[in-house]
Amino acid sequence: MLSAEQHSTSGAASASVETQRTLRIRELNDAFRHKLPRTSKGYRLNLTPGVASLGAAQVAQLLLSVRSFNDFSPDNDPHGEHDFGAFDQDDIRVFWKINAYDQWMQFGSPDPTDASVTTRVMTIMLASEY
């Protein structure tokens, strides 16, 4: 049985590992987001039909807004992973979301902190399409 001190230390170590995991996921999500619209192996970008119908100039502006998004809060980023954002542009409400899948895009990633086994997919959509 663990003493109170050992239990406290074990809990702190567990929290530290979870914090490191969250920070790594955030780092990978931010790196992906900041490189838009370029994608590469391990990254995919999906635009919904509503977003695509806005035209090239407005889509380019949306991509810039997603790249520079930094309005993260406990309300829109409760896990601290920077995997969701919402903003208004030209009176249009826009959502973006990053999901982490396995390499074959069949299941969730076995380890979202490991880019070698993860495909990150960002979807940008109009709020009205949600």
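Predicted, not measured: the structure shown is a model, and the values here were computed from it.
Interatomic distance, NZ of Lys41 versus OG1 of Thr119, reported as 7.0 Å (0.5 Å rounding). In this structure, the separation between CG on Asn29 and CG on Asn99 is 9.5 Å, given to the nearest 0.5 Å. The CZ atom of Arg33 sits 4.5 Å away from the CG atom of Asp30 when rounded to the nearest 0.5 Å. The OG1 atom of Thr19 sits 9.5 Å away from atom CZ of Arg26, with the distance rounded to the nearest 0.5 Å.
Arg21 pairs by the side chain to side chain donor-acceptor pair (under 3.5 Å) definition with nothing, not counting sequence neighbours. For Arg93, the salt bridge (charged side-chain N to carboxylate O under 4.0 Å, His left out) test picks out Asp88, with sequence neighbours left out. Scored by the ring pair (Phe, Tyr, Trp, His ring centres under 6.0 Å) test, Phe72 finds Phe69, His82 as partners (sequence neighbours excluded). Applying the side chain to side chain contact (heavy atoms under 4.5 Å, CB included) criterion to Asp102, with sequence neighbours excluded, gives Trp104, Gln106, Phe107, Pro110. Every residue was checked against the side chain to side chain donor-acceptor pair (under 3.5 Å) condition with Gln103, not counting sequence neighbours, and none meets it. For Thr118, the side chain to side chain donor-acceptor pair (under 3.5 Å) criterion is met by Ser109, not counting sequence neighbours. For Ser116, the side chain to side chain contact (heavy atoms under 4.5 Å, CB included) partners are Asp114, not counting sequence neighbours. For Asp111, the side chain to side chain donor-acceptor pair (under 3.5 Å) test picks out Thr113, with sequence neighbours left out.
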Would you tabulate the side-chain donor-acceptor contacts of residues 56-67 under 3.5 Å, counting partners in other chains and residues two or more places apart, or write 'none'?
unit_1 : atom_1 : unit_2 : atom_2 : d
Gln58  : NE2    : Asp90  : OD2    : 3.3
Ser65  : OG     : Gln61  : O      : 3.2
Ser65  : OG     : Gln89  : OE1    : 2.4
Arg67  : NE     : His34  : O      : 3.4
Arg67  : NE     : Leu36  : O      : 3.4
Arg67  : NH1    : Leu36  : O      : 3.2

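Leu54 and Ile124 fall within a single hydrophobic cluster, where Ile, Leu, Val, Met, Phe, Trp and Tyr side chains are chained together by heavy-atom contacts under 4.5 Å.
You'll find the side chain of Asn46 stays beyond 4.5 Å of the side chain of Met122, heavy atoms only. Side-chain contact between Glu27 and Ile25: absent, with no pair of heavy atoms (C-beta onward) separated by less than 4.5 Å. Put simply, the side chain of Gln20 does not reach to within 4.5 Å of the side chain of Thr22, judged on heavy atoms.
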Would you check, one step at a time, whether the test side-chain contact (heavy atoms from CB on, under 4.5 Å) holds for Phe87 with Asp71?
CA-CA 9 Å; Phe87 59 91; Asp71 190 22; over 6 Å; no
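Alongside Tyr101, the hydrophobic cluster contains Met105, Val121 (criterion: ILVMFWY side chains under 4.5 Å). Side-chain contacts under 4.5 Å among hydrophobic residues (ILVMFWY), followed directly or transitively, place Tyr130 together with Phe84, Phe95, Met125.
Here the shortest heavy-atom pairing between Leu126 and Thr48 reads N-OG1, 4.0 Å.
Around CZ of Arg44, the count of heavy atoms belonging to other residues, nucleotides or ligands within 6.0 Å does not exceed 12.
For residues 117-130, no pair satisfies salt bridge (Lys or Arg N to Asp or Glu O under 4.0 Å), with sequence neighbours left out.
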